[in-house]
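Order of the sequence lines sets the chain letters (A, B, ...), proteins ahead of strands, with each chain counted from 1.
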Amino acid sequence: MAVETNNKLVKWIEYRLPVFSFYRHFLVEYPAPKNLSYWWNFGSLAGFMLVVQIVTGIVLAMHYSPSATLAFSSVQGIMRDVNYGWLLRYIHATGASMFFMVVYIHLFRGLYYGSYKRPREILWFMGVIILLLMMATAFFGYTLPWGQMSFWGATVITSLFSAIPVVGHAITSWLWGGYAIGAPTLNRFYALHYLLPFVIVAAVALHLWALHQHGSNNPLGIDVKGPQDTLPFHPYYTVKDLFGITIFLIFFCYWIFFDPGALLNPDNSIMANALNTPPHIEPEWYFLPFYAILRSVPNKLIGVMLLGLSVCVLFLLPWLDTSPVRSGKFRPIFKQFFWIFVIDCVILGYIGHLPPIGPAKFYGRIAAIYYFLFFFVILPFVGWFERPKPMPESISQAVLDKKAKRAGTEKA
Amino acid sequence: MERVMRKFLVAAVVLLTLGVVRPVPAAAAAFVQKSPPDLSWSFDGPFGTYNQAALQRGFQVYKEVCASCHSMDYLHYGDLSALGYSKAEIKAIASGYTVTAGPNKEGKMYKRPARPSDAFVAPFPNEEAAAATFNGVAPPDLSLMAAARDGGPNYIYAILTGFNQKPPKGMFVPTGRYYNPYFPGGRIAMPPPLTANRVHYADGTKATLDQEARDVATFLMWASHPHLDQRHQLGVKVMIFLFILAIVFFFAKRRAWKDVEH
């Protein structure tokens, strides 16, 4: 993979640190399956959002005061007096929502096309670890504006640890740095909110390393057989990703410029007040499905355990799914349960937003039961009983078949 | 397997319907909070901007009515330039208020007229003093009122025009509380602040209750989102740029992939 050049500086550097061949290997020549659909754009979009969040976050940190007395007014200073501070904050605040949206689509894509199956299990684990780190980062970040929902959301979530028998209350005091959420909590959450994104960067590096070991999965879920099945990453996928990012930016910018309030909770425009509990405490939308699962369980400890399980079950996915076929395209039964699962997650999210009374509580329980049923019963059993549809020989063969079929219909 | 699938779906539908017909416990109180009307504002939509005349009238309502009880801690007199006031006018507005400054070289605090760089002077020295005056509830700061309530300016308008209605039968409204169907719980501590001709508009606009409420809601919307005009204008430019960029990348992609079977 030598770099062909006559540039002396490039040669000098390349001999000592082969960055140029690394770049060529990973971003230019890297062979990607030629049949990747637009669902495969969301990986690079997630990487893009991580960079956006880190860059805007660092600039916001230059103007923010992580102290319980000053945090709220320093955010107002950013919104009112810092040049384009409103833009930075709206990018960062709505960016969190966009990041989760992109990552959830990326995750559902992996679920549908069996991207967690051999030999990509560790690639999938790194992805789940990134998701967990993102959740922690988003949670810490949400406390920083020190509004009512920051304060009470943090109170509800950290109090979950008190459900742990014997040591629960000791753990919550240790997390808070006191006997309630207060100034020390804000300081440590700020420190962690600044730290974790860089841990995410490291996890992303491992995620990409694992990705490049066996290459991307693809919509057919069959292995690449040779060079006729692939395209070099540049220019084919660089230009496709750039087009995708531009379309995504149009969506992102709509929220930033024309409706930023839609993704922010009004209660967070009121400064944190330990003596005044808001009537309805709810997390950001990206936590709502998990919140609904938590509230579906009458017992706090079991609720907390199921909440943890609802995310960590993703680690077990390579073993829970017993089907040898990767792509949902060739799995007629799985496909239907998959779409019910997607709808189920949306329903859980909506129910997490409603007060847990009456029919909402009942539907929440049904939806929570299906959530776990999907992973622990449906996936293993469907894998055993389902008869997959016939699969094409290779990626290039599938492309030729599709073309022949299209030509046939055109003639007819 | 297909049959299993169908059975599952039938079971799911049956279970969900059972959920619908389960009796819902009747609401304990007869009071149901009304949602505010959906009014049209000059700042609605991607091209919306503030109407400066409305902002000035709204500021007048705030200054002459609201400000006797409500603070606006995050605003400075200098910010009023966005309402179209000149430097001299802002200086004159600010100098009508007194601030405690210091300490001076002798270590003494002293009073001086406010300057454009000063924050809006609050009607009470602190929250406790405000609460002591109003039966223990301090009137909330208005700097972020349009952001801190669901419905924003619509909610503010609804509260200001929602007084003088009959409370539902059996609802007890104690002295010092006023019935307002748009307020959570329906019993607000604020007496009706606005009536027709509560202010005499400098620009000659007829001061109806509706007009006053709209104007002050516009002013409070600006106070919560002072950069909305700039945000909308930049947003439109960014969108135009992104649409052009998307077209360019679309054709670049088509060209790059032209000779590939995929």
Point to revise | Interchain contact, B/Val248 with chain A, by part (heavy-atom threshold 4.5 Å) | key: neither
Review point. Of the backbone (N, CA, C, O) and the side chain (C-beta and beyond), which part of B/Pro46 lies under 4.5 Å from a heavy atom of chain A, both, or neither?
Key: both
Review point. Going through the checks in order, is the side-chain contact (heavy atoms from CB on, under 4.5 Å) test met by A/Tyr84 and B/Gln230?
Key: CA-CA 10 Å; A/Tyr84 291 99; B/Gln230 191 195 2; 3.4 Å; yes
Practice item. Mind running side-chain contact (heavy atoms from CB on, under 4.5 Å) on A/Met271 and B/Asp141 for me, showing each step along the way? Key: CA-CA 10 Å; A/Met271 191 171 150; B/Asp141 185 88; over 6 Å; no
Check your understanding: Is A/Phe376 atom CZ crowded by more than 12 heavy atoms from other residues, nucleotides or ligands, each under 6.0 Å away?
Key -> yes
Exercise for review: Taking all non-hydrogen atoms of both residues into account, name the closest pair between B/Phe249 and A/Val239 and its distance.
Suggested key: O-CG2, 4.2 Å
Check your understanding: Out of A/Gly244, A/Pro279, A/Pro260, which one racks up the most heavy-atom pairs below 4.5 Å with chain B?
Key -> A/Pro260
Check your understanding: Side chain, backbone, both or neither: which part of A/Tyr254 has a heavy atom under 4.5 Å from chain B?
Key -> both
Check your understanding: How about A/Lys225: does its NZ atom have over 12 heavy atoms from other parts shown lying under 6.0 Å from it?
Key -> yes
Practice item. Hey, can you tell me if A/Tyr236 and B/Trp257 have their rings parallel, tilted or perpendicular (30° and 60° cut-offs)? Key: perpendicular
Study note, to complete from the structure: Under 4.5 Å to a heavy atom of chain B? For A/Lys403 that would be side chain
Review point. Which bit of A/Leu87 is near chain B, if near means a heavy-atom gap under 4.5 Å: side chain, backbone, both or neither?
Key: side chain
Review point. Which atoms of A/Ile247 come close to chain B, meaning under 4.5 Å heavy atom to heavy atom: side chain ones, backbone ones, both, or neither?
Key: side chain
Check your understanding: Shortest non-hydrogen contact from B/Lys253 to A/Tyr38?
Key -> CD-OH, 3.5 Å
Practice item. Count the heavy-atom pairs under 4.5 Å between each of A/Gly147, A/Pro235, A/Cys253 and chain B, then report the option with the highest count. Key: A/Cys253
Review point. Is it the side chain or the backbone of A/Ser73 that comes within 4.5 Å of chain B heavy atoms, both, or neither?
Key: both
Practice item. Applying side-chain contact (heavy atoms from CB on, under 4.5 Å), run through B/Tyr74 and A/Met79 and close with a yes or a no. Key: CA-CA 10 Å; B/Tyr74 296 110; A/Met79 293 302 285; over 6 Å; no
Practice item. Check whether more than 12 heavy atoms from other residues, nucleotides or ligands sit under 6.0 Å from atom CG of A/Asn276, and answer yes or no. Key: yes
Review point. Which answer fits A/Ile256, side chain, backbone, both or neither, if we ask what part of it has an atom under 4.5 Å from a heavy atom of chain B?
Key: backbone
Review point. More than 12 foreign heavy atoms under 6.0 Å from CZ of B/Phe134: is that the case here?
Key: yes
Practice item. Answer with side chain, backbone, both or neither: which region of B/Ala82 has an atom nearer than 4.5 Å to a non-hydrogen atom of chain A? Key: neither
Check your understanding: More than 12 foreign heavy atoms under 6.0 Å from CD of A/Gln228: is that the case here?
Key -> yes
Exercise for review: Using a cut-off of 6.0 Å, state whether more than 12 heavy atoms not belonging to A/Asp401 lie near its atom CG.
Suggested key: yes
Point to revise | Region of B/Ile247 in contact with chain A, defined by heavy-atom distances below 4.5 Å | key: neither
Study note, to complete from the structure: Cut-off 4.5 Å, heavy atoms of chain A, and the answer for B/Ser224 is backbone
Point to revise | side-chain contact (heavy atoms from CB on, under 4.5 Å) assessment of A/Phe252 paired with B/Leu242 | key: CA-CA 11 Å; A/Phe252 187 8; B/Leu242 285 175; over 6 Å; no
Study note, to complete from the structure: Highest number of heavy-atom pairs under 4.5 Å with chain B among A/Val399, A/Ile270, A/Ile250 belongs to A/Ile250
Check your understanding: In Å and rounded to the nearest 0.5 Å, what is the CG to CZ distance from B/Leu228 to A/Phe258?
Key -> 10.0 Å
Review point. Can you tell me if B/His227 uses its side chain to pair, donor with acceptor, with the backbone of A/Arg80 under 3.5 Å?
Key: yes
Exercise for review: May I ask you to name which of A/Leu264, A/Leu231, A/Asn35 has the most heavy-atom pairs under 4.5 Å with chain B?
Suggested key: A/Leu231
